[in-house]
Amino acid sequence: MIPVLICALISLSAADSLDSLYPELEHSRTIYVIENGPRLSVTAQQSKVVSRRGGNATLPCKIQREQTLAPNRKMRIKWTKLTSDYLKEVDVFVAMDYHKRSYGSFHGRVHLQGSSPMDASLVITEITLEDYGKYKCEVIDGLEDGTAVVSLDLEGVIFPYFPRLGRYNLNFYDAERACRDQDAIVASFDQLYDAWRGGMDWCNAGWLNDGSVQYPITTPREPCGGKNTVPGVRNYGLRDKEKNQYDVFCFTSHYKGRFYYLIHPSKLTYDEAVRACQKDGAQIAKVGQMYAAWKLLGYDRCDAGWLADGSVRYPISRPRRRCSPTEAAVRFNGFPDKKHKLYGVYCFKGHN
């Protein structure tokens with residue numbers, strides 16, 4: 001630092017001497033500071049990729065590397081999945097030269113696209129509901145490194161859920177199990193926000209996957225935050241995952257199989273409904289499967305039927321008299337006594 005300062009003083013004194021010797025000359029003093037930029041950078045051409053359950057997706061990640069960098073066979077490419085609280089990362093895939101490894105539920109389902117030596121894009125096959133989220137591509141080349149983040153979004157539907165016990169009976173871990181049991185996962189805030197923008201209005205607070213409790217309101221009213229409030233997603237904030245109890249917002253996507261109403265000569269009790277689906281080579285359908293059929297396939301049936309959780313519902317995509325006349329919706333008849341012979345049944349036959 002001292003030699004630099006001495007050089008600067010000498011330069012200034014020399015310039016002052018020139019000014020006194022040649023006053024007619026105009027001098028402009030420009031100081032250039034050159035800072036070397038990163039010699040390696042990582043970019044994602046798109047910040048979000050949309051796919052569906054059972055499909056494939058390519059998360060883009062391109063490496064830009066200065067030619068002055070010496071070739072490095074030990075350049076390391078690592079993909080991780082960010083958690084909802086961003087404090088932890090889940091290992092997905094690591095590659096260094098010929099050594100490659102996939103982790104956990106991603107084992108055997110992920111690989112690098114590898115269209116060129118500078119292509120670190122990750123291919124995910126047989127996508128599951130749990131694959132939804134944000135992924136980080138990290139490249140380490142000696143002392144140089146770079147990262148890029150890409151979101152994997154899924155086509156699907158979000159739905160509110162509570163069990164036979166009634167509303168506000170689920171802590172966070174119960175909520176996770178409840179969604180799983182209905183062929184779904186706990187929804188994210190982004191998914192709930194998108195549903196609200198699409199017109200979702202629900203006055204009961206439910207868990208989201210980040211541990212917060214929220215609910216979407218499009219038509220403000222007194223029991224739902226107040227009549228004079230603005231529409232929006234109401235937020236209770238982060239709650240105690242073990243002690244606090246609410247409903248839950250679940251998310252599901254496309255399925256591989258057939259959802260259908262079983263034609264049967266008579267109405268059924270719950271146990272008879274389970275056996276009837278099994279006799280037909282299927283299983284009694286889950287709530288998430290009904291919502292997916294309704295929202296993603298336009299399934300429409302004006303017959304109330306049993307579902308696996310003991311609830312009775314029916315999906316209407318074409319509103320009409322006596323069948324949800326005001327809106328397209330999955331209609332809910334509650335959790336009746338399982339011994340009542342009042343309903344049909346919805347079945348699901350999976351395709352392997």
Side-chain angles (χ1 to χ4, degrees), residues 41-64 75-86 88-96 100-139 146-159 176 179-180 183-195 197-198 208-210 249-257 288-289 291-293 295-297 350-352:
S41 63
V42 177
T43 59
Q45 293 90 332
Q46 47 189 128
S47 60
K48 181 168 75 171
V49 174
V50 181
S51 187
R52 60 171 64 183
R53 176 167 54 175
N56 302 332
T58 301
L59 308 185
C61 183
K62 297 293 183 182
I63 305 168
Q64 294 177 326
M75 182 167 66
R76 184 170 180 260
I77 299 170
K78 182 178 182 180
W79 279 91
T80 55
K81 187 173 187 288
L82 305 178
T83 59
S84 58
D85 59 8
Y86 296 98
K88 294 185 293 184
E89 297 180 11
V90 177
D91 289 340
V92 175
F93 184 84
V94 174
M96 188 170 69
K100 299 175 175 63
R101 183 177 178 184
S102 53
Y103 294 86
S105 64
F106 295 96
H107 182 68
R109 296 194 298 118
V110 293
H111 63 270
L112 293 183
Q113 180 172 254
S115 60
S116 73
M118 297 294 102
D119 182 11
S121 302
L122 184 73
V123 178
I124 306 178
T125 62
E126 289 297 318
I127 288 173
T128 68
L129 293 175
E130 290 76 16
D131 292 344
Y132 167 87
K134 289 182 170 63
Y135 292 77
K136 184 174 77 173
C137 172
E138 180 180 23
V139 178
T147 61
V149 175
V150 185
S151 295
L152 175 60
D153 201 358
L154 300 181
E155 298 171 353
V157 56
I158 188 172
F159 60 95
E176 285 186 316
C179 288
R180 263 197 315 270
D183 192 41
I185 57 173
V186 179
S188 70
F189 169 76
D190 289 342
Q191 290 167 336
L192 182 64
Y193 180 76
D194 287 343
R197 291 187 63 186
L208 296 179
N209 68 355
D210 61 355
F249 289 99
C250 302
F251 174 84
T252 193
S253 183
H254 294 265
Y255 51 72
K256 289 186 176 181
Q289 291 161 347
Y291 269 95
K295 184 70 173 181
L296 304 174
L297 301 177
H351 294 162
N352 293 329

For the residue pair [X] and [Y], establish whether any side-chain heavy-atom pair is separated by less than 4.5 Å.
X     : Y      : result
Val42 : Glu138 : no
Lys62 : Asp119 : yes
Trp79 : Cys61  : yes

Ignoring hydrogens, what is the shortest heavy-atom contact between [X] and [Y]? Give both atom names and the distance.
X      : Y      : answer
Thr58  : Val123 : OG1-CG2, 3.8 Å
Ile63  : Pro117 : CD1-O, 4.5 Å
Gln46  : Val150 : O-CG1, 3.9 Å
Glu176 : Val186 : CA-CG2, 3.7 Å
Phe93  : Leu112 : CE2-CG, 3.5 Å
Thr252 : Ala292 : CG2-CB, 4.1 Å

(message) Using only atom types and a distance under 3.5 Å, with no angle test, would you say the side chain of Ser51 pairs donor to acceptor with the backbone of Asn56?
(response)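 Yes; judged by distance alone, with no hydrogens or angles, the pair exists.
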(message) Could you check whether any side-chain N or O of Ser253 sits under 3.5 Å from a backbone N or O of Arg53, counting only pairs where one atom can act as donor and the other as acceptor?
(response) yes
Working to the nearest 0.5 angstrom, can you tell me the gap between [X] [atom1] and [Y] [atom2]?
X      : Y      : atom1 : atom2 : answer
Tyr132 : Leu154 : OH    : CG    : 8.0 Å
Cys137 : Lys78  : SG    : NZ    : 12.0 Å
Lys136 : Thr80  : NZ    : OG1   : 5.0 Å
Phe249 : Cys179 : CZ    : SG    : 10.5 Å
Ser105 : Glu126 : OG    : CD    : 13.0 Å
Asp91  : Ser102 : CG    : OG    : 11.0 Å

(request) Report the C-alpha distance between His111 and Lys100 in whole Å, list the side-chain angles of each, state the deciding distance to 0.1 Å, and finish with yes or no for side-chain contact (heavy atoms from CB on, under 4.5 Å). (result) CA-CA 9 Å; His111 63 270; Lys100 299 175 175 63; over 6 Å; no
(request) Verify the neighbour count for atom NZ of Lys295: are there more than 12 heavy atoms of other residues, nucleotides or ligands below 6.0 Å? (result) no
(request) Please determine which of Arg52, Lys81, Arg109 meets the salt bridge (Lys or Arg N to Asp or Glu O under 4.0 Å) test together with Asp131. (result) Arg109
(request) Just do the side-chain contact (heavy atoms from CB on, under 4.5 Å) check on Asn209 and Ile185 with the steps written out, would you? (result) CA-CA 8 Å; Asn209 68 355; Ile185 57 173; over 6 Å; no
(request) Check Thr83, Asp190, Leu152 against Lys134 for a side-chain contact (heavy atoms from CB on, under 4.5 Å) and give me the one that passes. (result)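 Between Lys134 and the candidates, side-chain contact (heavy atoms from CB on, under 4.5 Å) is satisfied uniquely by Asp190.
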(request) Look at the aromatic rings of Tyr291 and Phe159 and report parallel, tilted or perpendicular, splitting at 30° and 60°. (result)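 Parallel, since the angle between the ring planes stays under 30°.
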